[in-house]
There are 2 protein chains.
Amino acid sequence: MADRLSPTSYVVLGTIALRGPSTSYDLKRAVGRSIGYFWHFPHAQLYSEPQRLVDLGLLEAETEEGGRRRRTFRLTDPGREELRAWLAEPTPEHFQMRDIAELKLFFNEVGEPGDVERLAREQVAAHRERIAVYEDMQKRYASLDAVAKRMITLRLGLEMEHAALRFWSSLLEETDRA
Amino acid sequence: MADRLSPTSYVVLGTIALRGPSTSYDLKRAVGRSIGYFWHFPHAQLYSEPQRLVDLGLLEAETEEGGRRRRTFRLTDPGREELRAWLAEPTPEHFQMRDIAELKLFFNEVGEPGDVERLAREQVAAHRERIAVYEDMQKRYASLDAVAKRMITLRLGLEMEHAALRFWSSLLEETDRA
DNA sequence: CTCCATACAGTCCGAAACAGACGGTATGCG
DNA sequence: CGCATACCGTCTGTTTCGGACTGTATGGAG
């Protein structure tokens with residue numbers, strides 16, 4: 001069974017476990033405002049994956065009789081067990097940093113000397129802005145007990161953003177000096 | 001034209017620009033030992049993408065008459081121009097951190113209390129090991145002028161690894177104390 | 001009550017990515 | 001000569017992706 005489950009599967013199972021019975025639209029919003037900052041999950045997949053998980057017996061679904069006829073998914077016992085087994089097992093994968101800016105930096109010799117400075121300047125600004133967003137989130141949610149313990153991922157996000165900012169800032173200084 | 005080009009396209013164009021005429025096998029090796037540490041590019045794609053770029057006039061290819069009959073790709077002038085244009089344009093994409101460990105951390109409430117400690121311990125070890133790999137690479141290549149300037153990306157990689165190590169180490173201490 | 005904008009609910013589609021398996025053969029070494 | 005390995009590639013089915021598209025419930029303003 002576990003070999004049929006992808007990161008998207010676990011994100012769907014996990015999000016429903018955390019927040020309770022959810023529609024795909026709920027999932028889209030919840031994921032987009034949390035882990036979606038680090039790893040984007042396409043909207044269409046958050047509609048198709050729950051149905052697949054229903055077919056695998058890990059979720060069950062019910063559809064509203066009237067109104068918007070929304071389709072709400074809830075975790076089954078096997079679904080919860082799959083999620084818990086995944087959480088308990090070793091994690092061989094190393095993280096991937098998919099960063100276009102880094103690719104550009106790697107190939108910078110091929111371009112113009114000014115390219116790197118522009119890139120670094122823009123990255124410094126982008127990372128500063130993202131840090132501001134995360135810090136604002138920390139402030140806004142710190143007093144909500146229900147979500148405060150989920151801020152731990154935001155801490156990792158901030159740590160990584162500060163690291164990137166450090167790197168691009170020092171690169172910017174180096175290009176300024178050259 | 002640029003809307004037909006993906007990150008993989010630019011990685012192929014850029015790698016050939018940096019190292020000169022290359023076979024797909026060359027690309028596979030060169031990418032795997034550099035940016036492939038951060039962003040994995042599947043082997044089969046490094047065979048199919050150059051042909052697509054030939055069809056678009058950005059690469060040209062020649063096949064050996066005898067021996068291994070290897071197929072070597074070289075950059076055309078339009079290919080070089082595309083690459084340089086990409087390097088010069090703004091970079092709206094923010095990096096994505098695809099990290100299974102982070103997903104597990106986010107959903108940790110659903111699992112057992114011991115899960116987080118095990119995860120943190122494992123991540124500390126993994127990041128230490130990756131740092132050792134990168135530091136070894138830095139040492140080994142520092143004296144080779146031909147590649148020394150391409151170590152800049154490795155610096156970013158190290159910065160991010162140290163950030164991750166800091167985070168997981170402090171989390172490990174916190175779980176030890178709890 | 002009507003109208004309109006927006007939020008919500010979803011599907012579709014072509015292209016790209018992916019993982020892994022598979023087959024073939026040149027090359028170098030014992 | 002034989003064998004192991006490096007090199008050269010293709011194929012395949014599935015999943016992911018990005019974006020476009022359609023439909024409709026809902027709430028608010030006039």
Side-chain angles (χ1 to χ4, degrees), chain A residues 1-13 19 21-33 35-36 38-56 59 61-73 92-94 96 98 100 103, chain B residues 1-13 19 21-33 35-36 38-56 58-59 61-73 92-96 98 100 103:
Chain A
M1 174 66 78
D3 54 340
R4 318 260 290 282
L5 301 181
S6 63
T8 305
S9 310
Y10 292 115
V11 163
V12 169
L13 292 174
R19 67 185 305 282
S22 310
T23 65
S24 284
Y25 190 81
D26 290 334
L27 291 179
K28 181 186 107 157
R29 283 173 48 90
V31 171
R33 284 177 318 197
I35 44 182
F38 314 124
W39 183 343
H40 172 62
F41 292 90
H43 142 101
Q45 271 191 275
L46 296 177
Y47 278 88
S48 56
E49 187 67 15
Q51 181 54 47
R52 201 177 77 86
L53 294 176
V54 167
D55 297 341
L56 293 177
L59 293 181
E62 72 194 14
T63 308
E64 276 178 357
E65 293 288 339
R68 286 196 175 276
R69 302 183 157 279
R70 52 179 70 94
R71 196 159 153 68
T72 301
F73 302 96
E93 303 92 347
H94 206 78
Q96 273 191 65
R98 296 187 163 196
I100 303 289
L103 290 189
Chain B
M1 173 64 77
D3 54 342
R4 318 257 291 279
L5 300 182
S6 63
T8 304
S9 311
Y10 292 115
V11 163
V12 169
L13 291 174
R19 68 184 303 284
S22 309
T23 66
S24 284
Y25 189 81
D26 291 332
L27 291 178
K28 181 187 108 160
R29 283 172 50 90
V31 169
R33 284 175 318 195
I35 43 182
F38 314 123
W39 184 341
H40 173 63
F41 293 91
H43 141 101
Q45 271 191 275
L46 297 176
Y47 278 88
S48 56
E49 188 66 15
Q51 181 54 48
R52 200 177 76 86
L53 295 176
V54 166
D55 297 339
L56 292 177
L58 304 184
L59 293 181
E62 71 193 15
T63 308
E64 276 178 358
E65 293 289 339
R68 284 193 179 275
R69 301 181 158 281
R70 52 178 70 93
R71 195 157 153 70
T72 300
F73 301 96
E93 301 94 345
H94 206 78
F95 73 69
Q96 272 192 65
R98 295 187 165 196
I100 303 287
L103 290 188

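Below, read A as the first sequence line, B as the second, and so on, with proteins coming before strands; counting in each chain starts at 1. None of these values were measured; they are calculated from a predicted model.
At whole-Å resolution of the value, NZ in A/Lys28 and C1' in C/dC8 are 8 Å apart. Atom-to-atom, CD of B/Glu93 to C1' of D/dC17 comes out at 14 Å; the value is rounded to the nearest Å. Distance CD (A/Glu64) to P (D/dT24): 16 Å, rounded to an integer number of Å. Put simply, CG on A/Leu46 is 14 Å from C1' on D/dT15, counting in whole angstrom units. To the nearest angstrom, C1' of C/dC12 lies 14 Å from OH of A/Tyr47. In this structure, CZ of A/Arg29 is placed 16 Å from C1' of C/dG10, rounded to the nearest angstrom.
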Task: Intra- and interstrand pairs of DNA chain D - dot-bracket, Watson-Crick/G-U under 3.5 Å, | marks other strand - done: ||||||||||||||||||||||||||||||
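Under the rule for a salt bridge (Lys or Arg N to Asp or Glu O under 4.0 Å), A/Glu93 has no partner lying at least two apart in sequence or in another chain. The ring pair (Phe, Tyr, Trp, His ring centres under 6.0 Å) test applied to A/Tyr25 returns no partner, not counting sequence neighbours. Residues satisfying the side chain to side chain contact (heavy atoms under 4.5 Å, CB included) criterion with B/Gln51, sequence neighbours excluded, are B/Val54, B/Asp55, B/Arg71. Not counting sequence neighbours, the partners of B/Glu62 by the side chain to side chain contact (heavy atoms under 4.5 Å, CB included) test are B/Arg74. Residues satisfying the side-chain hydrogen bond (donor to acceptor under 3.5 Å, both in side chains) criterion with A/Thr23, sequence neighbours excluded, are A/Asp26. Partners of A/His40 according to the ring pair (Phe, Tyr, Trp, His ring centres under 6.0 Å) rule, which considers only residues two or more places apart in sequence or in another chain, do not exist here. Every residue meeting the ring pair (Phe, Tyr, Trp, His ring centres under 6.0 Å) condition with B/Phe95, not counting sequence neighbours, appears here in chain and number order: A/His127.
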Open item on the list: At under 4.0 Å between heavy atoms, how does the protein contact nucleotides 16-26 of chain C? Give one character per nucleotide, 5' to 3', with B, S or -.
Closed with: SSSBBB---BB
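As judged by a 4.0 angstrom heavy-atom cut-off over every strand, B/Thr23 is placed among residues touching the sugar-phosphate backbone only.
A heavy-atom distance below 4.5 Å is found between the side chains of B/Ile100 and A/Trp39.
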